[in-house]
Amino acid sequence: MELSDITNDISEVLFTEAQIHDRIAEIAREIERDYPDGDVLLVGVLKGAVIVMADLARELKFHAHIDFMAVSSYGASTQSSGVVKINKDLDTEVAGKKVLLIEDIMDSGLTLSWLVNNMESRGAASVEVCAMFRKPEAVKIPVSVKYVGFDIPPAFVVGYGLDYAEKYRNVRGLGVLAPHVYGGADPHA
Ligand code: 5GP
């Protein structure tokens with residue numbers, strides 16, 4: 001299927017590629033101000049954060065050091081019972097480093113709160129979070145997010161790295177997935 005055929009799959013475009021890039025540029029200026037010597041390790045969460053990492057890293061004016069982790073979360077909706085498993089660990093030693101976690105979207109906050117604790121337990125000098133999109137639900141688990149791209153409504157969204165069944169990641173903007181695509185099932189599953 002061609003990407004141009006997805007018009008019917010997206011019920012609403014929330015942000016265009018240009019709007020996202022403008023916001024990324026603003027965030028990059030904040031990060032440059034907060035880490036003036038560029039002394040920070042950007043840690044992206046696979047796979048969704050690949051796109052935001054690529055755009056953010058190229059927007060930064062210092063030599064950006066990047067690494068990736070892959071995790072899976074279970075029971076995110078029940079929050080405290082959620083379990084996070086590392087599927088791919090970092091190549092970089094984080095002890096003593098300033099870490100900036102890069103996430104595509106923060107929903108319950110379970111994944112990010114677990115990752116913050118995990119980086120701290122490895123002895124990171126500091127741990128901050130950048131989430132490109134954040135849903136209102138995210139306030140339920142207290143995670144301090146220093147950089148937020150956009151707060152969005154509690155709908156299931158795709159594009160800009162975010163998938164449904166491994167599709168739509170390479171859609172350039174962010175849109176709400178039309179309910180007929182997942183046919184009433186929980187799209188988070
Ligand atoms: P949390 O642990 O914050 O509940 O979940 C974060 C993860 O859930 C994200 O990294 C993403 O994989 C997935 N997720 C949450 N909301 C959405 C959404 O609206 N669309 C997509 N495609 N994934 C989502």
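When a ligand or atom number is given, it counts from 1 through the structure's own listing order.
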| said: Evaluate V157 for polar contact with ligand 1, using N/O atom pairs at a separation under 3.5 Å. | reply: yes

| message | For F156, state whether at least one heavy atom is located under 4.0 Å from any atom of ligand 1. | response | yes

| note | In ligand 1, the atoms that come under 4.0 Å of a heavy atom of K135 are 16 (N), 17 (C), 18 (C), 19 (O)

| said: Out of all atoms in ligand 1, which are within 4.0 Å of some heavy atom of L110? Include the element for each. | reply: 2 (O), 3 (O)

| said: Just to check, does A155 reach to within less than 4.0 Å of ligand 1 when the distance is taken from its heavy atoms? | reply: yes

| task | Take atom NZ of K146 as the centre, draw a 6.0 Å sphere, and report whether it contains more than 12 heavy atoms from other residues, nucleotides or ligands. | result | yes

| Rounded distance (nearest 0.5 Å) linking atom CD1 of I152 with atom CZ of R134 | 11.0 Å

| request: Within a distance under 4.0 Å of any heavy atom of D163, pick out the atoms of ligand 1 and give their elements. | output: 21 (C), 22 (N)

| query | Short list, please: which atoms of ligand 1 are under 4.0 Å from a heavy atom of T111? | reply | 1 (P), 2 (O), 5 (O), 6 (C)

| remark: Contact region, L177 to ligand 1, non-hydrogen atoms below 4.0 Å, reads neither

| said: Check for me whether G109 has a heavy atom closer than 4.0 Å to any atom of ligand 1. | reply: yes

| message | Quick check for you: to the nearest 0.5 Å, what is the distance between E32 atom CD and D37 atom CG? | response | 12.0 Å

| query | Hey, what's the ring geometry for H188 with F156, parallel, tilted or perpendicular (30° and 60° as the breaks)? | reply | perpendicular

| So, does D163 use its side chain to make a donor-acceptor pair with the main chain of R169 at under 3.5 Å? | no

| task | Could you grab the distance from atom OG1 of T92 to atom CG of L42, nearest 0.5 Å is fine? | result | 10.5 Å

| request: Taking atom types as modelled, find out whether D9 and Y164 have a side-chain donor-acceptor pair closer than 3.5 angstrom. | output: no

| query | Does any N or O atom in E103 lie less than 3.5 angstrom from one in ligand 1, N or O only? | reply | yes

| message | Hydrophobic cluster membership, with links at side-chain heavy-atom distances under 4.5 Å among I/L/V/M/F/W/Y: are V157 and V13 in one? | response | no

| query | If hydrogens are left out, which of L162, V176, L115, I105 has an atom nearest to atom 7 (C) of ligand 1, that is, the closest non-hydrogen atom? | reply | I105

| query | Does any N/O atom on L112 come nearer than 3.5 Å to any N/O atom on ligand 1? | reply | no

